[in-house]
Participant: 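Starting off with a structure, shown below.
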Amino acid sequence: MQQTYHPKDIESRVQQEWDNAKAFQASDLSNKPKYYCLSMFPYPSGKLHMGHVRNYTIGDVLSRYHRMKGYNVMQPMGWDAFGLPAENAAMANNVPPAAWTYSNIDYMRNQLKSLGLGIDWSREVTTCKPEYYRWEQWLFTKLFEKGLIYKKTAPVNWDPVDQTVLANEQVIDGRGWRSGALVEKRDIPMYFFRITAYADELLDELDNLPGWPEQVRTMQKNWIGRSYGVRFAFPYTLDGKKDKLWVFTTRADTIMGVTFCAVAAEHPLATRAAQGNPALAAFIEECKQGGVAEADIATMEKKGMPTGISVTHPLTGEDIPVWVGNYVLMGYGEGAVMAVPAHDERDFHFAKKYNLPIKQVIQVPGETFSSDEWAEWYGDKERGHCVNSGEYDDLNYEQAINAIAGDLKARELGGKQVHFRLRDWGISRQRYWGCPIPIIHCPTCGDVPVPDNQLPVVLPENVVPDGAGSPLAKMPEFYQCTCPKCGGQARRETDTMDTFVESSWYYARYASPACTDGMLDLNAANYWLPVDQYIGGIEHAILHLLYARFFHKLMRDVGLLLSNEPFTNLLTQGMVIAPTFYREADNGKKLWINPADVDVVTDARGRPTGATLRADGQPVVIGGTEKMSKSKNNGVDPQAIIDQYGADTARLFMMFAAPPEQSLEWSDAGVEGAFRFLRRLWKAAFDHLERGPVSAYTSGELSTEAKALRLQLHQTIQKIDDDYGRRKTFNTAIAATMELLNALGKFNEDSPTACQVAQEVLESAVLLLSPITPHVCEEIWTALRPGSRLLDQAFPKADPSALVQDEIELMIQVNGKLRGSLRVAKETDKATLEQLVLNHEAVQKQLAGGAPKKIVVVPDRLINVVA
RNA sequence: GCCGGGAUGGCGGAAUUGGUAGACGCGCCGGACUCAAAAUCCGGUGUCAGAGAUGAUGUGAGGGUUCGAGUCCCUCUCCCGGCACCA
């Protein structure tokens with residue numbers, strides 16, 4: 001063993017040894033229990049960022065811990081390789097997205113390897129390769145045939161200048177990011193996955209996922225949003241024809257309070273009313289402005305205009321005016337809503353703004369209704385009952401709904417309906433760098449799925465998009481084809497799939513990544529699935545995780561799998577954040593400065609007083625601490641840390657700075673602290689070995705100090721086992737190891753048994769820490785136990801005999817305030833304790849001669865004297 | 001706007017089931033070593049008062065439950081994530 005710690009040499013050598021031994025290749029045949037540990041695969045954006053390092057270190061720690069606990073571990077890795085950034089990079093650099101993506105993958109794969117992750121690289125999956133996406137296309141055709149995929153129109157962001165569809169991300173303040181043109185809503189035909197057909201199962205199964213964070217399950221429940229309501233119609237006659245305006249409501253009990261209806265700008269009633277009404281036509285045109293993002297629609301000013309058309313209230317027969325509202329969307333629900341201003345806050349404000357009638361039909365006892373101002377109780381369905389509602393008066397929420405739904409049904413104008421907030425999943429994208437949708441449009445046969453023997457539909461890779469429309473739609477060699485059914489001239493679909501589709505099933509493909517005769521190999525898939533531990537960013541709590549759960553059920557129902565859910569345990573990791581610094585330019589714009597180029601100035605107590613740019617020594621402004629991003633220039637390149645300190649230090653810092661689920665603040669000083677600790681560990685082992693070889697303690701008489709050290713060691717083993725296995729709080733596991741080594745540092749005995757105890761502590765510490773810092777631990781282990789590999793060692797087990805304590809310290813409180821402590825034998829009975837505590841000096845002083853009201857004894861913890 | 005989460009010293013965080021608030025690390029202060037610096041090692045470090053023993057106070061704000069609240073309940077403020085075409 002060398003005297004000083006040189007991470008560079010150690011890490012490359014140890015990684016080479018793992019490679020040579022094929023140490024992390026997972027076998028499908030094992031008599032150990034399996035443990036499939038999966039981290040969300042990266043988008044190959046160029047180089048690894050800190051979020052990746054954090055994600056993959058967490059996965060590696062859990063994988064290595066479970067390996068030590070006797071599991072057959074599989075930890076795969078792959079590339080979520082289709083996506084928008086590749087097209088942007090292509091346009092900026094005039095490089096085809098494919099070339100850019102593949103070169104990024106090569107670079108990032110090397111970066112991942114330098115982190116020392118125990119990955120089975122033989123299972124690598126890349127989603128932009130035909131051998132992957134052909135199975136996605138195959139599944140698409142099966143689902144199309146089953147009716148689980150259908151076509152309908154839906155609104156998208158349209159850039160009228162670039163003549164292209166924009167992602168929500170590409171709409172900035174209502175304008176196209178490249179053209180600057182005002183964005184419009186436009187309805188286009190798209191393919192949809194019928195996810196709502198699985199809404200009930202997706203919702204109900206959440207209760208069978210105890211390994212998922214409660215907050216994620218709650219978010220998914222609310223997203224799916226099952227509600228029990230009433231779908232009903234307002235009949236009307238227009239142009240001599242009878243028709244019905246359908247709406248859905250969860251508040252059918254307020255139906256007698258409807259004073260108007262609102263429809264979307266694209267609703268047929270609005271279109272009809274706009275004929276011969278230029279003002280309304282202009283308003284409908286105005287409603288098209290802006291994007292389709294829900295956050296924008298929900299926060300914009302609610303505007304409306306009357307259509308002049310009336311419909312008939314289905315129960316009262318009253319005339320109800322129909323308005324066009326900019327907040328009603330055609331694509332969602334019926335594209336029309338009933339409005340009850342008295343009992344819906346949004347309707348209330350709309351009615352006030354346009355002077356529409358407000359009719360109270362719900363009363364809460366003891367409250368007074370006023371149409372001047374909105375009050376919380378107006379919307380209270382728990383405490384209210386019907387008023388001004390004729391035969392429904394005095395009914396509560398449930399009774400009213402039942403009665404009203406019954407009456408609507410009797411008139412064939414509606415009835416109860418289960419409604420989901422969840423909408424079907426539109427997957428068509430008018431982009432190039434994605435998986436081609438395997439459909440052929442035939443003038444005679446319609447939409448025909450591409451037959452199995454013609455799959456995959458290969459995406460040409462040597463294309464540079466120009467930002468205007470879809471490149472595939474301009475390539476006759478791609479879209480010209482013949483109909484598989486009739487053989488006539490036909491046109492291939494040029495839209496590609498949402499990249500969420502690829503990431504919805506990659507976890508299953510890892511079980512049999514090279515399978516060529518099916519999407520999955522049945523045996524391999526059923527051996528490895530479900531994933532035992534899934535790890536990824538909290539930002540994926542809803543969409544990705546819901547889509548993957550949906551796909552798992554789809555694959556199950558076409559006979560590819562037996563399980564119901566893809567991920568048994570889920571860990572949602574927090575963001576990596578860093579301080580921001582900037583200077584204001586003359587034009588008022590902020591110039592963001594990277595934290596690596598800044599020195600922070602502190603006062604005598606260490607409080608920051610300012611910051612300067614290292615290059616010129618002049619002050620910079622300290623901004624907030626935010627998620628690492630290009631726009632704030634506060635990203636720290638993990639490669640620089642690995643180069644300077646080694647992967648073990650980077651991993652140690654990341655795991656130590658915060659528990660996995662919280663956001664993690666980057667700190668250069670913290671990284672140095674982590675490095676210092678590894679150096680101290682190294683030196684402790686080196687100094688110990690200098691005294692000559694010794695085996696770990698097994699038996700023999702021990703001093704009080706040695707006994708105390710062994711007690712701490714075995715308590716630490718217990719604690720860290722729990723931290724890794726149950727709590728997944730690696731920061732506290734590291735802290736406990738540090739405390740243990742601090743205690744070893746203070747242990748100065750050098751008798752033969754004392755040296756054996758020191759050996760035991762060092763061996764255990766290295767094993768305990770090895771999931772987090774595997775390279776340095778492997779190296780020290782081999783020095784402590786020549787000829788053996790740490791990789792083959794089991795996780796330490798606590799020795800029950802070392803954990804026996806005969807004396808404990810009890811805290812003494814008076815009225816809940818700490819006043820002292822007491823050392824007593826462990827099994828001291830309550831009466832003796834009470835006597836002891838009453839004789840305690842501090843207690844007598846507090847009681848000042850008075851008698852205590854009562855004494856609370858918490859076993860092994862404290863005694864509280866209530867005066 | 002809607003859904004979910006968070007707030008503890010100068011900083012990151014710990015306190016696992018309502019029972020010693022601030023473990024561990026960073027920073028800072030003092031000391032040792034050094035011609036000096038760096039590195040390393042030792043000691044101190046929530047705030048206020050006190051020479052000290054000690055006392056008071058303290059977990060975003062306000063209220064409540066309890067012998068006892070960072071932890072449970074109610075009201076509020078600010079910050080962060082998601083909102084269906086970023087991944």
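Letters go in sequence order (proteins before strands), and every chain restarts at 1. Quick caveat: nothing in here was measured; it's all calculated off a predicted structure.
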Participant: Does OP1 or OP2 of B:C85 have a side-chain N or O of A:R429 closer than 4.0 Å?
Facilitator: yes

Participant: Give A:P659 one of three labels, base, sugar-phosphate or nothing, depending on what nucleic acid heavy atoms sit under 4.0 Å from its own.
Facilitator: sugar-phosphate

Participant: Go through B:G25, B:A39, B:G4 for me and flag the one nearest to the A:R679 side chain.
Facilitator: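 Of the candidates, B:A39 comes closest.
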
Participant: Can you confirm whether more than 12 heavy atoms, excluding those of A:R727, are under 6.0 Å from its CZ atom?
Facilitator: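 Yes - once you tally the heavy atoms of other residues, nucleotides and ligands closer than 6.0 Å, there are more than 12.
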
Participant: Expressed as a whole number of Å, how far does the C1' atom of B:C76 sit from that of B:U54?
Facilitator: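 Taking atom C1' in both B:C76 and B:U54, they lie 38 Å apart.
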
Participant: Please tell me if A:N742 has a side-chain N or O lying less than 4.0 Å from either OP1 or OP2 of B:G25.
Facilitator: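 Looking at the OP1 and OP2 atoms of B:G25, one of them is under 4.0 Å from a side-chain N or O of A:N742.
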
Participant: Quote, to the nearest angstrom, the P distance that separates B:C79 from B:U57.
Facilitator: 32 Å

Participant: Given A:Y133 and A:F82, is the ring-ring contact (aromatic ring centres under 6.0 Å, His included) satisfied, shown in steps?
Facilitator: CA-CA 10 Å; A:Y133 64 70; A:F82 278 134; 5.8 Å; yes

Participant: Looking at B:U16, does its base get a donor-acceptor pair with the side chain of A:R726 below 3.5 Å?
Facilitator: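 Under the 3.5 Å cut-off, the side chain and the base do form a donor-acceptor pair.
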
Participant: As a test of reading the structure: which of B:A14, B:U20, B:C3 is closest to the side chain of A:N731, going by heavy atoms?
Facilitator: B:A14

Participant: Could you check how far CG of A:N815 sits from P of B:U57, rounded to whole Å?
Facilitator: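 One finds 13 Å between P of B:U57 and CG of A:N815, rounded.
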
Participant: Rounded off to whole Å, could you give me the CG-to-P distance for the A:N88 and B:C85 pair?
Facilitator: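 Those two atoms, CG and P, are 17 Å apart.
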
Participant: Whole Å only: how far is the CE atom of A:M575 from the C1' atom of B:G5?
Facilitator: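 A:M575 atom CE is separated from B:G5 atom C1' by 11 Å.
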
Participant: Looking only at the side chain of A:N157 (C-beta and beyond, no hydrogens), which of the listed nucleotides B:C85, B:U57, B:G25 gets closest?
Facilitator: B:C85

Participant: Do A:N326 side-chain atoms and A:K303 backbone N/O form a donor-acceptor pair below 3.5 Å?
Facilitator: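 Confirmed, A:N326 side chain pairs with A:K303 backbone.
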
Participant: Taking only the P atom of each, what is the distance from B:A49 to B:A37 in whole angstrom?
Facilitator: 34 Å

Participant: Taking the P atom of each, how far is B:G27 from B:A39, in whole Å?
Facilitator: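 After rounding to an integer number of Å, I get 9 Å for this pair.
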
Participant: Using a cut-off of 4.0 Å on non-hydrogen atoms, how would the nucleic acid contact of A:V865 be classed: base, sugar-phosphate, or nothing?
Facilitator: nothing

Participant: CG of A:L664 versus P of B:A14: gap in Å, rounded?
Facilitator: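 It works out to 11 Å between those atoms.
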
Participant: Judged by each residue's nearest nucleotide on RNA chain B, which is more toward the 5′ side, A:A298 or A:V856?
Facilitator: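 With A:V856 and A:A298 compared, the 5'-side residue is A:A298.
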
Participant: For the residue pair A:F193 and A:Y547, is the inter-centroid distance of their aromatic rings smaller than 6.0 Å?
Facilitator: no

Participant: Closest to the A:E739 side chain: B:A14, B:U16, B:C24?
Facilitator: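 Of the candidates, B:C24 comes closest.
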
Participant: Around A:K683, counting heavy atoms of other residues, nucleotides and ligands shown, do more than 12 lie under 6.0 Å from its NZ?
Facilitator: no

Participant: Could you work out which one of B:U20, B:G4, B:A87 sits closest to the side chain of A:L862?
Facilitator: B:U20

Participant: Kindly say if A:R421 contacts the phosphate of B:C2, meaning a side-chain N or O under 4.0 Å from OP1 or OP2.
Facilitator: no

Participant: Does a side chain donor of either A:D80 or A:S503 reach within less than 3.5 Å of an acceptor in the other side chain?
Facilitator: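 A:S503 and A:D80 do not have a side-chain donor-acceptor pair below 3.5 Å.
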
Participant: Within the 4.5 Å heavy-atom criterion, are A:N815 and A:V866 side-chain neighbours or not?
Facilitator: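 Touching, per the 4.5 Å side-chain cut-off.
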
Participant: Please report the distance separating the C1' of B:G50 from the corresponding atom of B:A56, rounded so that it comes out in whole Å.
Facilitator: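 The same atom, C1', in both gives a distance of 12 Å.
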
Participant: Name the nucleic acid region contacted by A:T299, choosing base, sugar-phosphate or nothing; use a 4.0 angstrom heavy-atom cut-off, strictly under.
Facilitator: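 The answer is base, as A:T299 lies within the cut-off (heavy atoms under 4.0 Å) of a base atom.
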
Participant: Among the candidates B:C86, B:C85, B:C67, find the nucleotide nearest to the side-chain atoms of A:N864.
Facilitator: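 Shortest atom-to-atom distance from the side chain points to B:C67.
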
Participant: So does A:Q813 reach the base of B:C67 with its side chain, donor to acceptor, closer than 3.5 Å?
Facilitator: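 Result: no qualifying N/O pair found.
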
Participant: P atom, B:U20 versus B:G64: distance in rounded Å?
Facilitator: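 After rounding to an integer number of Å, I get 24 Å for this pair.
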
Participant: When the distance from NZ of A:K627 to P of B:G81 is rounded to whole Å, what number comes out?
Facilitator: 7 Å

Participant: Out of B:C83, B:A84, B:U40, which has the shortest distance to the side chain of A:A295?
Facilitator: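 From the listed options, B:C83 comes nearest.
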
Participant: Do the side-chain N or O atoms of A:T499 get closer than 4.0 angstrom to the phosphate oxygens (OP1, OP2) of B:A87?
Facilitator: yes

Participant: Within the structure shown, what part of the strands sits under 4.0 Å from A:I577 by heavy-atom distance: base, sugar-phosphate, or nothing?
Facilitator: nothing

Participant: Check this for me, if you would: do A:K719 and A:E739 make a salt bridge, where the nitrogen-to-carboxylate-oxygen distance has to be below 4.0 angstrom?
Facilitator: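 So A:K719 does not pair with A:E739 through a salt bridge.
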
Participant: Are more than 12 heavy atoms from other residues, nucleotides or ligands located less than 6.0 Å from atom NZ of A:K47?
Facilitator: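 Check fails, neighbour count at 12 or below.
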
Participant: Which one of A:T164, A:D159, A:D162 satisfies the side-chain hydrogen bond (donor to acceptor under 3.5 Å, both in side chains) criterion with A:S179?
Facilitator: A:D159

Participant: Could you give the CZ-to-P distance, from A:R861 to B:A15, as a whole number of Å?
Facilitator: 12 Å

Participant: Shorter than 3.5 Å, N or O on both sides, protein versus nucleotides 63-65 of chain B: list them out with atom names.
Facilitator:
none

Participant: Could you tell me whether the phosphate oxygens of B:A15, OP1 or OP2, come under 4.0 Å of any side-chain nitrogen or oxygen in A:R727?
Facilitator: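 True: A:R727 side-chain N/O within range (under 4.0 Å) of B:A15 OP1/OP2.
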
Participant: Within the structure shown, what part of the strands sits under 4.0 Å from A:H544 by heavy-atom distance: base, sugar-phosphate, or nothing?
Facilitator: nothing

Participant: Going by the glycosidic torsion and a 90 degree boundary from 0, is the base of B:G25 oriented syn or anti?
Facilitator: anti

Participant: Which of the following nucleotides, B:A15, B:C85, B:C24, is nearest to the side chain of A:F656?
Facilitator: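 The answer is B:C24.
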
Participant: From the set B:G82, B:A56, B:C85, return the single nucleotide nearest to any side-chain atom of A:R819.
Facilitator: B:A56

Participant: What nucleotide, of B:U57, B:U20, B:C26, holds the atom closest to the side chain of A:K817?
Facilitator: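 Between B:U57, B:U20, B:C26, the one nearest the side chain of A:K817 would be B:U57.
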
Participant: Any side-chain N or O of A:Q662 less than 4.0 Å from the OP1 or OP2 oxygen of B:A14?
Facilitator: yes

Participant: Testing A:W79, A:Y506, A:Y56, A:Y534 for ring pair (Phe, Tyr, Trp, His ring centres under 6.0 Å) with A:F41, which one passes?
Facilitator: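 Per the ring pair (Phe, Tyr, Trp, His ring centres under 6.0 Å) rule, the option paired with A:F41 is A:Y506, out of A:W79, A:Y506, A:Y56, A:Y534.
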
Participant: Whole-Å distance between B:G12 P and A:D668 CG?
Facilitator: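 A:D668 atom CG is separated from B:G12 atom P by 15 Å.
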
Participant: At under 4.0 Å between heavy atoms, what does A:G426 touch on the DNA or RNA strands: base, sugar-phosphate, or nothing?
Facilitator: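 Sugar-phosphate, backbone atoms only, no base.
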
Participant: Could you give the distance separating B:G19 and B:A69 at their C1' atoms, to the nearest angstrom?
Facilitator: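 It comes out at 10 Å once rounded to the nearest Å.
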
Participant: Between A:E672 (CD) and B:G12 (P), how many Å, whole number?
Facilitator: 18 Å

Participant: Please work out if A:M190 contacts a base, only the sugar-phosphate, or nothing of the nucleic acid, heavy-atom cut-off 4.0 Å.
Facilitator: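 Base, at least one base atom sits under 4.0 Å.
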
Participant: On a whole-Å scale, what distance lies between the P atoms belonging to B:U65 and B:C74?
Facilitator: 15 Å

